[in-house]
Colleague: 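Got a structure for you, questions after.
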Amino acid sequence: MPRRSTLSIATFNVNGIRSRLPHLITWLREEKPDIACLQELKSVDQGFPRSDLEAEGYHARWVGQASWNGVAVLVRGEESSEVRRVLPGDPSDSHARYLEVDALGLRVVCIYLPNGNPQPGPKFDYKLKWFDRFNRHAKKLFALDTPVVMAGDYNVVPTDFDIYNPRSWLKDALLQPESRERYAKLLKMGWVDAIRELYPEEQIYTFWDYFRQHWERDAGLRIDHLLLNEAAAKRLKEGGVDRWVRGLPKPSDHAPTWVKLKHVAMAKKPAKKSAK
DNA sequence: ATGGCTGGTTTTACCAGA
């Protein structure tokens, strides 16, 4: 296993893992995240490119689904251990949107929160219900002594500062007060929005839609988030957005977003006996 | 108010994304 002084954890909505595999591999080689949470695989379990990623040195766990959704966690040079692959609270929910693992001394939660458009409507109702279930579970996770990182596509623009211009998005599910209230509730629990913590006064975007040359005009939204519990927030060193990946030809509409945490000791050395 | 673009499937037409 590679020696690590810091741990980097990234989240990347790939928008189709098979069509994005070349970009994903280019990015993994260039940035070498220790842990990568992926969303929108749009692939059944059998279609997941496990061996391609293993050839790059990454062990993967994933939850697939035909056509839509799908999440995965990649760990460089080490296996993760699965904690759960279903968000608790609704046995009838069959969407592949959640994966929770232990890896490299961290608890890592990878989420693909429902988009919720159009709103109002059943999809928006589903979004809010999913969000409520997530918040209930997040409350339990926050209490862990282990550092916890909840990373993913939250499909929420937390404030008007997190979008180039809210005007044409006012009716969108991503900006609704009901969505924002639930995100704010997480922060109120104590979860630290790592990117906002690091850049309190900069406009940071993680998503640029494919329309109207939004990328070229840097008309973006910040919707991919990494939330840290206290133990993780204490170790926060840096973070950022790998915008260059959004600039590649035929890109995902999201860019990888990441944090670096001071390394978590994996095992304590036996205490030295005092020399008295 | 609409549509602009993209990936995946049900493929030359659709759904969903955000």
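Computed from a prediction, not measured in an experiment: that's the story for all the values here. For the numbers below, each heavy atom of this structure counts, side chains included, while hydrogens, waters and symmetry mates do not.
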Colleague: Is the phosphate of B:dG7 approached by A:Ser67 (side-chain N or O, under 4.0 Å from OP1 or OP2)?
Modeller: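 The answer is no; no side-chain N or O of A:Ser67 sits under 4.0 Å from OP1 or OP2.
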Colleague: Nearest-nucleotide wise, let me know which of A:Asp253 and A:Ser43 is further upstream toward the 5' end of DNA chain B.
Modeller: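 Residue closer to the 5' terminus by nearest nucleotide: A:Ser43.
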Colleague: Expressed as a whole number of Å, how far does the C1' atom of B:dA18 sit from that of B:dC5?
Modeller: 12 Å
Colleague: Say we look at B:dA16 and B:dT11: how far apart would their C1' atoms be, to the nearest angstrom?
Modeller: 16 Å
Colleague: Quote, to the nearest angstrom, the P distance that separates B:dC15 from B:dT10.
Modeller: 13 Å
Colleague: Report which part of the nucleic acid A:His254 touches: base, sugar-phosphate, or nothing (heavy-atom distance under 4.0 Å, all strands).
Modeller: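 Contact class for A:His254: sugar-phosphate only.
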Colleague: Quantified in whole Å, what is the P atom distance between nucleotide B:dG4 and nucleotide B:dT9?
Modeller: 24 Å
Colleague: In whole angstrom, give the distance that lies between atom OH of A:Tyr210 and atom P of B:dG8.
Modeller: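 Between P of B:dG8 and OH of A:Tyr210: 10 Å.
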Colleague: Mind checking if A:Tyr112 touches a base, just sugar-phosphate, or nothing, with heavy atoms under 4.0 Å?
Modeller: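 The answer is sugar-phosphate, as A:Tyr112 gets under 4.0 Å only of primed atoms, P, OP1 or OP2.
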Colleague: Tell me whether A:Asp218 is salt-bridged to A:Arg246, with the criterion being a basic N under 4.0 Å from an acidic carboxylate O.
Modeller: no
Colleague: With rounding to the closest Å, how many angstrom separate the P atoms on B:dA13 and B:dA1?
Modeller: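 Taking atom P in both B:dA13 and B:dA1, they lie 29 Å apart.
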Colleague: Checking all strands, does A:Asp209 fall into the base, sugar-phosphate, or nothing category for heavy-atom contacts under 4.0 angstrom?
Modeller: nothing
Colleague: What integer number of Å spans the P atoms of B:dG3 and B:dC14?
Modeller: 13 Å
Colleague: Quickly work out the A:Arg246 CZ to B:dA18 C1' distance and round it to whole Å.
Modeller: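 These atoms are roughly 12 Å apart.
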Colleague: Would you mind reading off the distance between A:Phe207 atom CZ and B:dA16 atom P, rounded to a whole angstrom?
Modeller: 17 Å
Colleague: Report which part of the nucleic acid A:Asn13 touches: base, sugar-phosphate, or nothing (heavy-atom distance under 4.0 Å, all strands).
Modeller: sugar-phosphate
Colleague: Which whole number of Å gives the distance between the P atom of B:dT2 and that of B:dG8?
Modeller: 28 Å
Colleague: Are A:Lys129 and A:Asp90 within salt-bridge range, i.e. N to O under 4.0 Å?
Modeller: no
Colleague: Salt bridge check, A:Arg196 against A:Asp162: does any charged N sit closer than 4.0 Å to a carboxylate O?
Modeller: yes
Colleague: Specify the separation, in whole Å, of atom CD of A:Glu40 and atom C1' of B:dC15.
Modeller: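 Computing the A:Glu40:CD to B:dC15:C1' distance gives 13 Å.
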Colleague: To the nearest angstrom, how far is A:Asn15 atom CG from B:dC15 atom P?
Modeller: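 It works out to 18 Å between those atoms.
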Colleague: Assigning hydrophobic clusters by single linkage (Ile, Leu, Val, Met, Phe, Trp, Tyr; side-chain heavy-atom cutoff under 4.5 Å), is A:Leu74 placed with A:Phe12?
Modeller: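 Yes, same cluster.
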Colleague: From CG of A:Asn155 over to P of B:dA18, roughly how many Å is that when rounded to an integer?
Modeller: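 Answer to the nearest Å: 5 Å.
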Colleague: If each of A:Gly16 and A:Asn69 is mapped to the nucleotide of DNA chain B with the nearest heavy atom, which maps nearer the 5' terminus, i.e. the 5' end?
Modeller: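 Of the two residues, A:Gly16 wins.
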Colleague: In this structure, how many angstroms lie between the C1' atom of B:dA1 and the CZ atom of A:Arg212, rounded?
Modeller: 12 Å
Colleague: Starting from C1' on B:dT2, measure out to NZ on A:Lys171 and report it in whole angstrom.
Modeller: 12 Å
Colleague: Assess whether a salt bridge exists between A:Glu54 and A:Arg50, defined as any Lys/Arg side-chain N lying under 4.0 Å from an Asp/Glu carboxylate O.
Modeller: yes
Colleague: Is the distance from OP1 or OP2 of B:dC5 to the nearest side-chain N or O of A:Lys250 less than 4.0 Å?
Modeller: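 It does not, given that no N or O in the side chain of A:Lys250 lies less than 4.0 Å from OP1 or OP2 of B:dC5.
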Colleague: Would a single hydrophobic cluster contain both A:Val109 and A:Leu226, if residues Ile, Leu, Val, Met, Phe, Trp and Tyr are joined by side-chain heavy-atom contacts under 4.5 Å?
Modeller: no
